[in-house]
Amino acid sequence: MNGETVRVELGTRAYDIHIGSGLLAAAGASIARVLPGARLAVITDENVARMHLATLLGSLGGAGLDAHSVVIPPGESSKSFSRLEKATEAILAMRLERGDAVAALGGGVVGDLAGFAAAIVKRGMHLIQIPTSLLAQVDSSVGGKTGINSPHGKNLVGAFHQPLLVLADTDVLDTLPRREFAAGYAELAKYGLISDATFFQWLEQNWQAVFAGGPARIHAIAESCRAKARTVAADERESGERALLNLGHTFAHALEAECGYDAARLVHGEAVSIGMVLAHRFSMTQGLAPAADAVRVEAHLKAVGLPTRIAQIPGPPMLAERLLSHMEQDKKVSRGRLTFILTRGIGQAFVARDASRDSVAAFLRDELSTGRSQAGADIPA
Ligand SMILES: NC(=O)c1ccc[n+]([C@@H]2O[C@H](COP(=O)([O-])OP(=O)(O)OC[C@H]3O[C@@H](n4cnc5c(N)ncnc54)[C@H](O)[C@@H]3O)[C@@H](O)[C@H]2O)c1
Ligand SMILES: [Zn+2]
């Protein structure tokens, strides 16, 4: 196989992530190996269905696996109770048995919704993740977090439900819009920034090859999956080390909330890019990390075409107090203290559980007042 396999070590719930070229067309054989004779409910969205569903269904049929598909509208709004109800009813109408499986073919939206459906139908069905966005391949398809949104906030209703197998076909990313690829790349670079300076340096030198496809893309995704798999195996339910995966995310979630989750203004990975730069810059102002590292992080994310400053987000200027109030509503707040992932430099992130509200407020006010004049080009619409 032109690819790599990463194992997520979770005892009786351990599973493999296959990363490589041509995996979608070979999915039937891979799934038949772990679930011989199973029937499958394939959940996907309209965009992915148009481009990749026929390949998957052909492969499943070729391996003698009976499959039916459920196609949902694309976009974050599908992570809702009403869509969950429709999906679970559709799975039940297929009369699947407990040993059968739900397959999620799509980005993080499909993975989270289908994963949650798999977690609750018949108190838990097998789940196969077939991630088709870069974000889903390096992040959401691995680790077992599933769920939907509530009017109270994102991802507030859900369950931990580990997949049985993850098939990340790196060729399907060729049809992903460049903006979405870049957004996923922010999460990929995150693994270097958290704990692997060598990987970050490799990305600085090889990012163009990762965007182009081929062995460099496979290597970068496999490295990311190894990092995520290690973290999840050490701390499945995020009581400690797994929190490091939220590098940049406290800022990012506040920015997304302030944009009303309007993807035309800001998609998640773009918010993470800005958030990671802010985490490095805040760490620098606190005397924790060298200024040169913050400059390097920003330069790299900018080079791949990601936004790095709040002022680049189209729309009305943002206010520090409003961003702070979003941060305080984030579920990462524990007993009133703001938990931040800060850093001592590239590859040296750590969990800071008692960041002071005043220092974050002062930092944000400063970023927002100097930002407008220094920012580069706006995010392309
Ligand atoms: N469970 C987790 O651990 C976890 C982690 C991170 C993010 N998430 C969730 O993931 C979601 C974001 O995921 P996403 O960025 O993949 O968004 P997404 O699923 O909305 O996909 C982005 C867009 O790309 C399209 N698309 C996907 N694959 C494609 C392909 N191969 N070719 C062409 N178009 C394609 C989709 O139709 C969609 O329009 C959020 O809801 C977030 O909360 C979950
Ligand atoms: Zn993220």
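First listed ligand is number 1; within each ligand, the first listed atom is number 1.
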With the threshold set at 4.0 Å, does a side-chain nitrogen-carboxylate oxygen contact exist between E236 and K228? no
Atom pairs and distances, side-chain donor-acceptor, residues 110-123, under 3.5 Å, sequence neighbours left out:
{"from": "D112", "atom 1": "OD2", "to": "K79", "atom 2": "NZ", "distance (Å)": "2.8"}
{"from": "K122", "atom 1": "NZ", "to": "L96", "atom 2": "O", "distance (Å)": "2.8"}

Near the Zn ion (ligand 2), meaning under 2.8 Å, the protein N/O/S atoms are E187 OE2, H249 NE2, H268 NE2
Ligand 1 polar-atom proximity to protein (N/O, under 3.5 Å):
{"from": "ligand 1", "atom 1": "1 (N)", "to": "D112", "atom 2": "OD1", "distance (Å)": "2.9"}
{"from": "ligand 1", "atom 1": "1 (N)", "to": "K145", "atom 2": "O", "distance (Å)": "2.8"}
{"from": "ligand 1", "atom 1": "13 (O)", "to": "G108", "atom 2": "N", "distance (Å)": "3.1"}
{"from": "ligand 1", "atom 1": "16 (O)", "to": "G108", "atom 2": "N", "distance (Å)": "2.8"}
{"from": "ligand 1", "atom 1": "16 (O)", "to": "S133", "atom 2": "OG", "distance (Å)": "2.5"}
{"from": "ligand 1", "atom 1": "19 (O)", "to": "G108", "atom 2": "N", "distance (Å)": "3.1"}
{"from": "ligand 1", "atom 1": "19 (O)", "to": "V109", "atom 2": "N", "distance (Å)": "3.0"}
{"from": "ligand 1", "atom 1": "28 (N)", "to": "T132", "atom 2": "O", "distance (Å)": "3.3"}
{"from": "ligand 1", "atom 1": "28 (N)", "to": "T132", "atom 2": "OG1", "distance (Å)": "2.7"}
{"from": "ligand 1", "atom 1": "31 (N)", "to": "T132", "atom 2": "O", "distance (Å)": "3.0"}
{"from": "ligand 1", "atom 1": "31 (N)", "to": "V172", "atom 2": "O", "distance (Å)": "3.0"}
{"from": "ligand 1", "atom 1": "31 (N)", "to": "T175", "atom 2": "OG1", "distance (Å)": "3.3"}
{"from": "ligand 1", "atom 1": "32 (N)", "to": "T175", "atom 2": "O", "distance (Å)": "3.3"}
{"from": "ligand 1", "atom 1": "32 (N)", "to": "T175", "atom 2": "OG1", "distance (Å)": "2.7"}
{"from": "ligand 1", "atom 1": "37 (O)", "to": "D45", "atom 2": "OD1", "distance (Å)": "3.2"}
{"from": "ligand 1", "atom 1": "37 (O)", "to": "D45", "atom 2": "OD2", "distance (Å)": "2.7"}
{"from": "ligand 1", "atom 1": "37 (O)", "to": "N47", "atom 2": "ND2", "distance (Å)": "2.9"}
{"from": "ligand 1", "atom 1": "39 (O)", "to": "N47", "atom 2": "ND2", "distance (Å)": "3.2"}
{"from": "ligand 1", "atom 1": "41 (O)", "to": "E76", "atom 2": "OE1", "distance (Å)": "2.8"}
{"from": "ligand 1", "atom 1": "41 (O)", "to": "E76", "atom 2": "OE2", "distance (Å)": "3.1"}
{"from": "ligand 1", "atom 1": "41 (O)", "to": "K79", "atom 2": "NZ", "distance (Å)": "2.8"}
{"from": "ligand 1", "atom 1": "43 (O)", "to": "K79", "atom 2": "NZ", "distance (Å)": "3.0"}
{"from": "ligand 1", "atom 1": "43 (O)", "to": "K154", "atom 2": "NZ", "distance (Å)": "3.4"}
{"from": "ligand 1", "atom 1": "43 (O)", "to": "N155", "atom 2": "ND2", "distance (Å)": "3.4"}

| Should the pair F340 and F282 be assigned to parallel (<30°), tilted (30 to 60°) or perpendicular (>60°) ring geometry? | tilted
- Could you check whether the rings of F363 and F251 sit parallel, tilted or perpendicular, using 30° and 60° as the cut-offs? tilted
Tell me if the aromatic rings of H300 and F200 count as close, with their centers under 6.0 Å from one another. yes
So salt bridge (charged side-chain N to carboxylate O under 4.0 Å, His left out) across residues 15-28, not counting sequence neighbours, yields R7-D16
Exercise for review: Give a yes/no verdict on a cation-pi contact between R217 and F211, requiring under 6.0 Å between NZ or CZ and the six-membered ring centre and an angle within 45° of the axis.
Suggested key: no
Verify salt bridge (charged side-chain N to carboxylate O under 4.0 Å, His left out) between D235 and R242, making sure each step is shown before the conclusion. CA-CA 6 Å; D235 177 19; R242 189 164 175 174; over 6 Å; no
*asked:* Could you go through E270 and Q312, starting from their C-alpha distance and side-chain angles, then the distance that decides it, and tell me whether this counts as side chain to side chain donor-acceptor pair (under 3.5 Å)?
replied: CA-CA 10 Å; E270 291 168 343; Q312 283 171 278; over 6 Å; no
